[in-house]
Protein chains: 2
Amino acid sequence: MALFDLLGRSWALGVVWQLSNGGMTFRQIQESCEKVSPTVLNRRLKELTTSGIVERGASGYQLTATGLELFGILKPFGTWSTKWAESLPKDDLHE
Amino acid sequence: MALFDLLGRSWALGVVWQLSNGGMTFRQIQESCEKVSPTVLNRRLKELTTSGIVERGASGYQLTATGLELFGILKPFGTWSTKWAESLPKDDLHE
DNA sequence: ATATATCGCTACGAAAAAAGTAGCAAGAAA
DNA sequence: TTTCTTGCTACTTTTTTCGTAGCGATATAT
């Protein structure tokens with residue numbers, strides 16, 4: 001349940017998702033996440049770092065081995081979500 | 001990304017997780033989630049309902065077919081999270 | 001050296017979300 | 001009728017997030 005607490009915060013899942021493409025700079029993440037406020041992004045990155053999911057590397061922030069493992073689990077959401085989105089009226093996504 | 005927005009709200013993942021055990025009443029969910037405030041629980045349930053993940057049945061709230069499918073994807077988190085929790089100092093879970 | 005640009009990040013006020021507590025209306029049971 | 005439980009709303013306080021501005025550090029160019 002602590003995992004859901006961590007990942008259930010704003011942008012946490014999005015950051016992990018984005019970082020799966022490789023290392024990104026702070027501002028790159030910021031832009032790819034539809035402009036997250038730097039305050040929150042910084043907080044999420046710190047949380048994910050002390051949780052051993054994200055680390056800093058040569059090319060900026062990147063997933064740790066553990067983080068990549070987590071992304072492996074997260075991956076199926078991608079395909080599932082497109083199916084799911086089609087089964088809904090567009091407006092429902094904004095509630 | 002809309003999926004992460006929906007599931008990245010407080011208790012959303014927790015509710016889906018709890019409901020996987022079968023139908024639950026409003027108050028049962030409330031207690032199993034370490035006392036979520038009714039305000040938020042009600043909102044999450046409405047969101048998940050209009051998103052076709054949760055529905056109301058004879059025994060209270062329950063997952064739809066789509067919801068069960070989602071839980072199938074969510075399931076691996078369970079085993080992964082225990083491993084993950086062990087690889088961390090206890091305190092890190094509270095940040 | 002000076003100017004320019006990009007980087008990670010902090011500060012700060014406003015807005016939104018969640019917590020926490022109380023309690024109501026409806027239905028079932030005694 | 002009284003008593004319970006259930007789903008849920010109301011209301012206030014606390015926490016989180018947003019949105020914008022901008023600093024200090026490093027790099028690159030002039």
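Naming convention: chains lettered A, B, ... in sequence-line order (proteins, then strands); numbering from 1 in each chain.
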B/Phe4: partners by ring-ring contact (aromatic ring centres under 6.0 Å, His included), with sequence neighbours left out = A/Trp17
At what distance, to the nearest 0.5 angstrom, does CD of B/Gln62 lie from CG of B/Leu19?
-> 8.5 Å
Contact list for residues 12-25 of chain A, test salt bridge (charged side-chain N to carboxylate O under 4.0 Å, His left out), sequence neighbours left out = none
Ignoring backbone atoms, test whether A/Lys46 places a side-chain nitrogen or oxygen under 4.0 Å from the OP1 or OP2 oxygen of C/dG8.
-> no
Atom CG of A/Leu41 and atom C1' of D/dT20 are separated, to the nearest Å, by 16 Å
Between residues 24-32 of chain B and DNA chain D, which residues have a heavy-atom gap below 4.0 Å?
-> B/Thr25, B/Phe26, B/Arg27
Would you mind building the protein contact string for nucleotides 11-19 of chain D? One character per nucleotide, 5' to 3', B for base within reach (heavy atoms under 4.0 Å), S for sugar-phosphate only, - for untouched.
-> B-----BBB
Partner residues of B/Ser37 under the side-chain contact (heavy atoms from CB on, under 4.5 Å) criterion, sequence neighbours left out = B/Thr39, B/Val40
OP1 or OP2 of D/dT6 sitting under 4.0 Å from any side-chain N/O of B/Tyr61?
-> no
So the salt bridge (charged side-chain N to carboxylate O under 4.0 Å, His left out) pairs with at least one residue in residues 49-62 of chain A (sequence neighbours excluded) are none
What pairs of residues pass the salt bridge (charged side-chain N to carboxylate O under 4.0 Å, His left out) test when at least one of them lies in residues 58-83 of chain B, not counting sequence neighbours?
-> A/Glu69-B/Lys83, A/Lys83-B/Glu69
Applying side-chain contact (heavy atoms from CB on, under 4.5 Å) to A/Leu68 and not counting sequence neighbours gives A/Leu63
Look at A/Asn42 and C/dG8 and indicate whether a side-chain polar atom (N or O) is within less than 4.0 Å of OP1 or OP2.
-> no
With sequence neighbours excluded, give me every ring pair (Phe, Tyr, Trp, His ring centres under 6.0 Å) pair touching residues 25-60 of chain A.
-> none
Quick one: stems involving DNA chain D, counted as three or more successive Watson-Crick or G-U pairs, both distances short of 3.5 Å.
-> C:1-30 with D:1-30
Please identify each residue that fulfils side-chain contact (heavy atoms from CB on, under 4.5 Å) with B/Arg27, with sequence neighbours left out.
-> B/Thr25, B/Gln30
Once you round it to whole Å, what is the distance between C1' of C/dC7 and CG of A/Leu45?
-> 14 Å
Report the residues that fulfil side-chain contact (heavy atoms from CB on, under 4.5 Å) with B/Ser81, sequence neighbours left out, ordered by chain and then residue number.
-> A/Leu3
Using atom types as modelled and distance alone, determine if a side-chain donor or acceptor of B/Ser20 lies under 3.5 Å from a backbone N or O of B/Phe71.
-> no
